[in-house]
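Counting convention: from 1, in listed order, for ligands and their atoms alike. This one's a predicted model, so the numbers in the text were calculated from it and none came from an experiment. Computed over heavy atoms, backbone and side chain alike; hydrogens, waters and symmetry mates excluded.
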Amino acid sequence: MTRPSHVRPRAARTVSTSAVASADRPTAPKLQSHGRVFNFSAGPACLPAAVLEQAQADLLNWQGSGMSVMEMSHRGKEFIAITDKAEADLRSLLSIPDNYKVLFLQGGASTQFAAIPLNLAEEGDKADYVVTGAWSKKAIGEGKRFLLANAAATGDNKSIPDPSTWNLTEGAKYVHYCANETIGGVEFKAPPSVGDAPLVVDMSSNFCARPVDVSKYGVIYAGAQKNIGPAGVTIVIVREDLLGRARASTPAMLDWSVAAKDGSMYNTPPCWSIYMCGLVFAHVLANGGLEAVEANNEKKAKLVYDAVEASNGFYASPVAREARSLTNVPFTIPSSPDLEKAFIAEAAQAGMVQLKGHRSVGGMRASIYNFMPLEGVQTLADFMREFAARHA
Ligand SMILES: *Cc1c(COP(=O)(O)O)cnc(C)c1O
């Protein structure tokens with residue numbers, strides 16, 4: 001790798017004395033097993049190496065079936081067993097009550113932006129949306145195509161508007177919010193109280209990042225590719241009494257009751273993605289469940305936010321303290337956009353990739369989802385301190 005010209009002479013730096021580091025390469029990439037980098041991507045995101053190894057071992061011949069999961073009939077007993085176990089494990093992870101259905105759908109969370117109004121309301125009905133960032137803005141935008149979608153509150157992308165100011169509609173068919181705004185890094189720490197209307201939540205970027213009380217929600221939905229698996233499958237957890245209300249024009253593929261009736265097999269489901277999520281759920285269960293995931297996520301988030309706070313203003317977090325996300329941490333170097341570019345480039349050289357902030361926000365963003373190891377975040381926090389010391 002060639003070193004960019006902005007990097008200072010090596011002698012000026014403290015150099016690790018460990019056997020692998022050499023004075024010549026103070027930022028020699030810190031790699032994990034299989035030469036894997038620390039991947040801070042906002043999604044698709046990193047998965048546990050143990051899960052990828054299991055998938056590799058199963059690839060050509062899944063458990064003596066003589067074929068890979070990609071080649072099986074989705075209606076065969078092997079794949080039904082894979083789906084049933086994935087669902088059972090997710091149910092125990094989240095303690096999902098019996099009166100909720102778990103659906104494995106396609107089309108990403110973005111498809112649910114349309115499926116939600118179609119399943120829960122008629123054309124002239126009203127629904128409330130709490131808009132706290134880019135994803136809830138997309139959700140209300142799509143909602144407006146199908147019903148009267150009211151922006152009950154609109155945030156500043158840095159905080160959550162005070163619930164006492166929300167303009168909730170009498171008779172709203174549901175209240176939608178985004179539990180964690182992936183781009184802005186704004187997160188609800190608890191479900192808001194909204195009265196009788198069913199609460200519909202986009203949990204795409206903090207799904208299974210901590211235990212939640214499913215009974216507080218009418219509908220929970222999440223694309224898999226941030227916290228629980230590869231892209232291609234979207235989880236919808238829906239309370240049973242909300243099924244069977246889809247308007248007549250709802251395409252069968254978007255109708256939750258059709259998916260619920262057919263065990264998510266109205267058509268060919270995303271078999272491989274479901275299988276991978278199943279491996280992840282089993283892995284999490286075997287490693288302490290969501291309490292352990294939460295404890296680890298909190299440690300990781302603290303490392304990054306502490307590095308920002310302790311930098312004497314070298315780094316800044318745009319997000320109000322009480323709304324700071326556990327899983328997506330945007331930060332900037334207010335003194336210089338050039339230093340931000342240098343930070344991202346040097347971090348990549350050191351084995352920490354995908355730290356560039358979303359184009360709409362700029363700066364950096366560390367997505368530290370469930371399977372970013374603590375060691376990766378420690379490496380980032382150390383690098384942040386070292387970089388600040390060199391450039392402050
Ligand atoms: C990534 C993301 C989406 C979009 O998910 P797709 O699966 O790509 O459609 C929606 N909402 C949130 C909060 C996200 O993080």
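- Heavy atoms of Cys178 approach ligand 1 to within less than 4.0 angstrom.
- Per-residue contacts place Ser205 under 4.0 angstrom from the following atoms of ligand 1 (heavy atoms of the residue considered): 13 (C), 15 (O).
- Here Arg390 pairs with Glu386 in a salt bridge; the nearest charged N to carboxylate O distance falls below 4.0 Å.
- With respect to atom 11 (N) of ligand 1, the closest heavy atom belonging to the protein is Asp202 OD2, 2.6 Å.
- Between the side chains of Asn328 and Ser367, at least one donor N or O lies within less than 3.5 Å of an accepting N or O.
- Donor-acceptor pairing under 3.5 Å is recorded for the side chains of Ser136 and Glu181.
- Using a 4.0 Å cut-off between charged nitrogen and carboxylate oxygen, Arg245 and Glu122 do not count as a salt-bridge pair.
- Between Thr182, Val201, Val233, it is Thr182 that holds the heavy atom closest to atom 15 (O) of ligand 1.
- Looking at atom 9 (O) of ligand 1, its nearest protein heavy atom turns out to be Ser110 OG, 2.6 Å.
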Evaluate side chain to side chain contact (heavy atoms under 4.5 Å, CB included) for Leu147 paired with Arg247, printing each intermediate quantity in order.
CA-CA 11 Å; Leu147 46 45; Arg247 65 181 76 170; 4.2 Å; yes
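- Within ligand 1, the atoms closer than 4.0 Å to a non-hydrogen atom of Ser204 are 2 (C), 10 (C), 11 (N), 12 (C), 13 (C), 14 (C), 15 (O), numbered from 1 in the order shown.
- Residue Lys300 qualifies as enclosed at atom NZ: its count of foreign heavy atoms under 6.0 Å is above 12.
- Among all protein heavy atoms, the one lying closest to atom 5 (O) of ligand 1 is Ala109 CB, 3.6 Å.
- Counted within 6.0 Å of CG on Asp241, heavy atoms from surrounding residues, nucleotides or ligands total more than 12; the atom is thus considered enclosed.
- When non-hydrogen atoms are compared, ligand 1 lies under 4.0 Å from the side chain of Lys226 (C-beta onward) but not from its backbone.
- In terms of polar-atom proximity, defined here as any N/O pair under 3.5 Å, Gln225 does make such a contact with ligand 1.
- For Asn180, the closest heavy-atom approach to ligand 1 falls below 4.0 Å.
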